[in-house]
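All residue numbers in this chain count up from 1 along the given sequence.
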Amino acid sequence: MLLQNIMHTIISLQEEMSQNGKAMLNINQCLQQIFGEAISTAYPGIENAPLTVTLNQQAKFGDYQCNSAMPMAQMMKAKGQKVSPREIAEKIVQNIPNNELIERTEIAGPGFINVHLKRMFVSKLLSNLLVNGVQPPSLKKKKKVVVDFSSPNIAKEMHVGHLRSTIIGDSMCRLFEFLGNEVLRLNHVGDWGTQFGMLIAHLQDKFPNYLSVSPPIGDLQAFYKASKKRFDEDEEFKKRAYQCVVKLQSKDPDFIKAWNLICDVSRNEFQKVYNCLDIRIEERGESYYQDMMTVVVKEFEEKGLVQLDEGRKIVFAPGQSIPLTIVKSDGGYTYDTSDLAAIKNRLFDEKADIIIYVTDSGQAVHFQVVFAAAQLIGWYDPKVTRVEHAGFGVVLGEDKKKFKTRSGDTVRLMDLLEEGLKRSMDKLKEKGRDKVLTPEELLKAQRAVAFGCIKYADLSHNRINDYIFSFDKMLDDRGNTAAYLLYAFTRIRSIARLANIQEATLHKAAETTEVLLDHEKEWKLGKCILRFPEILQKITDDLLLHTLCDYLYELATTFTEFYDNCYCVEKDRQTGEVVKVNMWRMLICEATAAVMAKGFDILGINPVQRM
């Protein structure tokens with residue numbers, strides 16, 4: 001049995017490397033497989049033995065560390081078996097199966113197992129990356145992922161709060177897409193409800209011929225404010241607004257046309273923002289679920305889950321103190337009803353394996369109750385389907401108060417993006433880039449820096465926390481910012497160009513040149529490059545994208561250490577002519593740039609070749 005287990009581990013690792021030759025290998029997962037096998041062979045009597053393999057924080061002690069011995073000693077002590085963690089660690093090490101990864105192990109302190117990787121193994125993985133490009137780790141099963149993000153309200157401007165949902169949601173979609181899943185990007189816009197009564201009534205008064213001539217509504221925000229003022233002050237208008245809602249809900253063609261006109265004006269405004277930020281998204285507003293709501297209410301009633309409360313129909317989900325109101329006392333539906341209809345549609349019609357809602361943390365309790373109600377009625381089992389609210393904090397100004405204009409208004413998103421463009425151009429000119437780049441290259445660099453910095457500033461903070469919006473900080477080219485990373489990336493990409501090495505030469509070298517990792521800085525950078533799949537695994541599990549930003553910054557700074565200590569191109573000091581190219585180091589540069597480019601792509605950042 002022991003030999004069989006060991007052979008199984010060796011074969012499964014070899015299979016993973018040969019079958020998925022193009023895929024990047026997750027070294028941490030491979031080590032977990034090896035140590036999992038060693039633990040079950042050494043201690044077959046322990047069920048669900050704790051398995052922890054982490055990156056070694058001090059390189060001099062090794063590359064990774066297995067820390068299972070201490071918690072195993074605690075488990076055994078609880079069962080009346082007294083064994084020291086060090087003794088357990090020794091037994092685990094004795095049962096490590098033959099493998100291509102581990103050079104040697106050392107036991108340190110009370111029972112930490114330090115792991116040193118084989119340099120030849122790391123070199124092979126880097127060559128694989130260079131030949132095949134940055135490929136996603138192998139996927140056991142392609143999943144259907146629905147991400148609900150952005151979700152502005154029709155007839156209102158997109159504001160800075162929508163910025164976070166849009167950027168974070170888009171990046172999550174890009175992550176799941178890169179990993180090989182089918183992703184449905186949904187925009188749950190607020191396009192239904194009583195506010196449309198007042199908007200349509202106002203439209204009829206201002207543009208009575210709207211059915212034949214398209215009304216020139218330029219400023220929808222002003223149009224909304226004017227209709228709201230009339231609604232609050234004019235009883236006659238308010239009555240007419242309610243009549244308009246009834247007509248709209250009964251699908252009167254003239255009122256549907258008025259509603260569509262208002263929605264189209266908003267869509268055009270939203271699209272300007274999405275074009276700037278390179279966002280792909282499919283609109284499915286609240287109106288999409290209107291006809292499904294009656295069925296949802298009926299289903300809850302038939303299963304005896306509805307209670308009456310002063311004319312309202314409410315649902316209490318287990319473990320939740322707040323009920324959902326699925327029918328108001330006037331017979332109308334609510335956000336609760338449309339969110340239940342939406343989750344049912346995503347589970348049954350879209351057949352989603354994963355559903356993620358990206359909204360501010362203020363809605364966390366609401367979604368918790370919706371998810372609990374969906375489980376109560378038997379729509380999904382959380383052990384099978386992953387349904388999650390990815391909440392985020394608010395955007396603060398530099399005064400650490402909610403981000404507003406000087407007059408106290410909410411900041412319009414387009415104004416913010418235009419300000420970003422202006423400031424990024426100022427920054428590029430300050431660095432003299434307008435003297436070096438062509439006008440076309442300068443415009444590309446301007447957009448890359450402006451929108452890249454805005455996205456990165458958001459994504460590099462833990463989404464759960466509030467974050468301070470500061471153009472000065474995000475455009476600073478020092479520290480963990482997009483400006484620094486974009487400049488670093490451009491510099492890495494320019495190394496081969498300045499040495500007159502063609503892309504075809506690098507491709508050929510990738511297939512024939514061994515990537516040497518003898519210098520400590522080569523070794524450090526090589527391992528850092530190959531941690532990319534581990535980072536992707538972590539952010540897939542916790543949806544905290546700042547981990548990827550931290551990794552890209554670490555990769556860039558590790559590259560700088562390498563470049564300062566290891567000559568890639570050696571030049572004649574007098575003439576400046578290239579006298580020697582250390583091709584394996586050029587390949588390490590290429591591998592770094594390739595991983596950075598894929599990281600940028602997941603973050604929705606578009607680097608340029610010249611900056």
Side-chain angles (χ1 to χ4, degrees), residues 144 146-155 184-201 203 241-264 266-267 270 281-308 311-315 317 323-352 355 357 359 363 366-367 369-371 373-380 385 387:
K144 176 77 177 274
V146 174
V147 184
D148 176 328
F149 69 106
S150 193
S151 309
N153 289 311
I154 294 287
L184 179 59
R185 301 154 158 262
L186 288 186
N187 199 0
H188 190 84
V189 296
D191 67 351
W192 203 253
T194 50
Q195 76 272 28
F196 281 94
M198 68 181 194
L199 288 164
I200 292 168
L203 180 75
Y242 282 131
Q243 287 162 4
C244 288
V245 172
V246 174
K247 294 260 192 182
L248 176 64
Q249 288 176 340
S250 63
K251 307 272 172 64
D252 181 299
D254 288 356
F255 287 80
I256 289 290
K257 176 154 190 190
W259 171 72
N260 271 321
L261 283 168
I262 292 163
C263 288
D264 283 343
S266 267
R267 282 187 194 109
F270 298 161
I281 194 162
E282 184 178 322
E283 185 185 308
R284 272 198 205 165
E286 289 163 19
S287 61
Y288 181 87
Y289 304 100
Q290 285 308 299
D291 297 339
M292 304 174 198
M293 293 193 209
T294 311
V295 181
V296 164
V297 171
K298 194 178 172 194
E299 191 176 338
F300 272 92
E301 285 178 326
E302 284 172 354
K303 295 203 173 168
L305 301 171
V306 175
Q307 296 176 30
L308 281 172
R312 296 183 306 151
K313 290 181 180 178
I314 61 171
V315 174
L324 292 174
T325 300
I326 59 170
V327 182
K328 293 187 289 186
S329 53
D330 64 3
Y333 297 136
T334 67
Y335 286 130
D336 295 350
T337 334
S338 67
D339 279 337
L340 285 169
I343 197 170
K344 187 186 179 191
N345 170 260
R346 291 160 189 184
L347 289 163
F348 291 97
D349 298 339
E350 294 302 342
K351 298 181 170 47
I355 307 174
Y357 293 80
T359 75
Q363 296 186 53
H366 165 71
F367 282 112
V369 182
V370 169
F371 301 162
Q375 287 168 52
L376 169 70
I377 202 165
W379 288 348
Y380 80 96
T385 309
V387 180

Original post:
So, are Arg267 and Asp264 salt-bridged, with charged N and O less than 4.0 Å apart?
Top reply: yes
**OP:** Kindly assign one of parallel, tilted or perpendicular to the pair Phe367 and Tyr357, based on the angle between their ring planes and the thresholds 30° and 60°.
**Re:** tilted
Subject >> Donor-acceptor pair between Thr325 and Asp336 side chains, under 3.5 angstrom >> reply: no
Original post:
Do you know which of Tyr288, Trp259, Tyr333, Tyr335 makes ring pair (Phe, Tyr, Trp, His ring centres under 6.0 Å) with Trp192?
Top reply: Trp259
**OP:** Report yes if the side chains of Glu299 and Lys344 come closer than 4.5 Å at any heavy-atom pair, otherwise no.
**Re:** yes
Subject >> Nearest atoms (heavy-atom pairs only) where Val245 meets Thr194 >> reply: CG2-O, 3.5 Å
**OP:** Find the distance between CD (Gln243) and CG (Leu248) and round it off to the nearest 0.5 Å.
**Re:** 13.5 Å
Original post:
Could you walk me through whether Thr359 and Phe149 pass the side-chain contact (heavy atoms from CB on, under 4.5 Å) check?
Top reply: CA-CA 7 Å; Thr359 75; Phe149 69 106; over 6 Å; no
Subject >> Heavy atoms from other residues, nucleotides or ligands near NZ of Lys298 exceed 12 (cutoff 6.0 Å) >> reply: no
**OP:** With rounding to the nearest 0.5 Å, note down the distance linking OG in Ser151 to CG in Leu186.
**Re:** 8.5 Å
Original post:
Is Asp330 atom CG crowded by more than 12 heavy atoms from other residues, nucleotides or ligands, each under 6.0 Å away?
Top reply: yes
Subject >> Trace of the salt bridge (charged side-chain N to carboxylate O under 4.0 Å, His left out) decision for Arg185 with Glu283 >> reply: CA-CA 9 Å; Arg185 301 154 158 262; Glu283 185 185 308; over 6 Å; no
Original post:
Between the main-chain N or O of Ala155 and the side-chain N or O of Ser266, is there a donor-acceptor pair closer than 3.5 Å?
Top reply: yes
Original post:
Roughly how far, to the nearest 0.5 Å, is the CD1 atom of Ile355 from the CG atom of Asn345?
Top reply: 9.0 Å
Original post:
How many angstroms lie between CD1 in Ile262 and NZ in Lys257, if you round to the nearest 0.5 Å?
Top reply: 12.5 Å
**OP:** Could you tell me which non-hydrogen atom of Leu376 sits nearest to which non-hydrogen atom of Ala317, and how far apart they are?
**Re:** CD2-CA, 4.2 Å
Original post:
When you check the gap from the basic side-chain N to the acidic O, do Asp291 and Lys251 get nearer than 4.0 Å?
Top reply: yes
Subject >> Point-to-point distance, once rounded to the nearest 0.5 Å, from CD of Glu302 to CD1 of Ile377 >> reply: 9.0 Å
**OP:** Check whether any side-chain heavy atom of Val306 lies under 4.5 Å from a side-chain heavy atom of Val315, and answer yes or no.
**Re:** yes
Original post:
Is any NZ, NE, NH1 or NH2 atom of the basic residue among Arg284 and Glu282 found under 4.0 Å from an Asp or Glu carboxylate oxygen of the other?
Top reply: yes
Original post:
Mind checking whether Phe255 and Cys244 have side chains closer than 4.5 Å, heavy atoms only?
Top reply: yes
Original post:
What pair of heavy atoms forms the shortest contact from Gly190 to Glu286, and how long is it?
Top reply: CA-OE2, 3.6 Å
**OP:** Given side-chain contact (heavy atoms from CB on, under 4.5 Å), test His366 with Phe371 step by step and report yes or no.
**Re:** CA-CA 9 Å; His366 165 71; Phe371 301 162; over 6 Å; no
**OP:** Determine, step by step, whether Arg312 and Lys328 satisfy the side-chain contact (heavy atoms from CB on, under 4.5 Å) criterion, reporting the C-alpha distance in whole Å, the side-chain angles of both residues, the deciding distance to 0.1 Å, and the verdict.
**Re:** CA-CA 5 Å; Arg312 296 183 306 151; Lys328 293 187 289 186; 5.5 Å; no
Original post:
Got more than 12 heavy atoms from elsewhere within 6.0 Å of NZ, Lys247?
Top reply: no
Subject >> Closest approach of Ala352 to Thr385 (non-hydrogen atoms, all atoms of both residues) >> reply: O-CG2, 3.7 Å
Original post:
Between Ala373 and Leu324, what is the shortest heavy-atom contact and its length?
Top reply: CB-CD1, 3.6 Å
Subject >> Under the side-chain contact (heavy atoms from CB on, under 4.5 Å) test, residues paired with Ala342 that sit two or more places apart >> reply: His188, Tyr289, Arg346
Original post:
So Ile326 and Val296, side-chain contact (heavy atoms from CB on, under 4.5 Å) or not? Walk me through it.
Top reply: CA-CA 9 Å; Ile326 59 170; Val296 164; 5.9 Å; no
Original post:
So do the side chains of Lys313 and Glu301 get within less than 4.5 Å of each other, counting heavy atoms only?
Top reply: yes
Original post:
How many angstroms lie between atom OG of Ser287 and atom CG of Asn260, to the nearest 0.5 angstrom?
Top reply: 8.5 Å
Original post:
Which atoms form the tightest heavy-atom contact between Cys263 and Asp191, and what is the distance?
Top reply: SG-CB, 4.3 Å
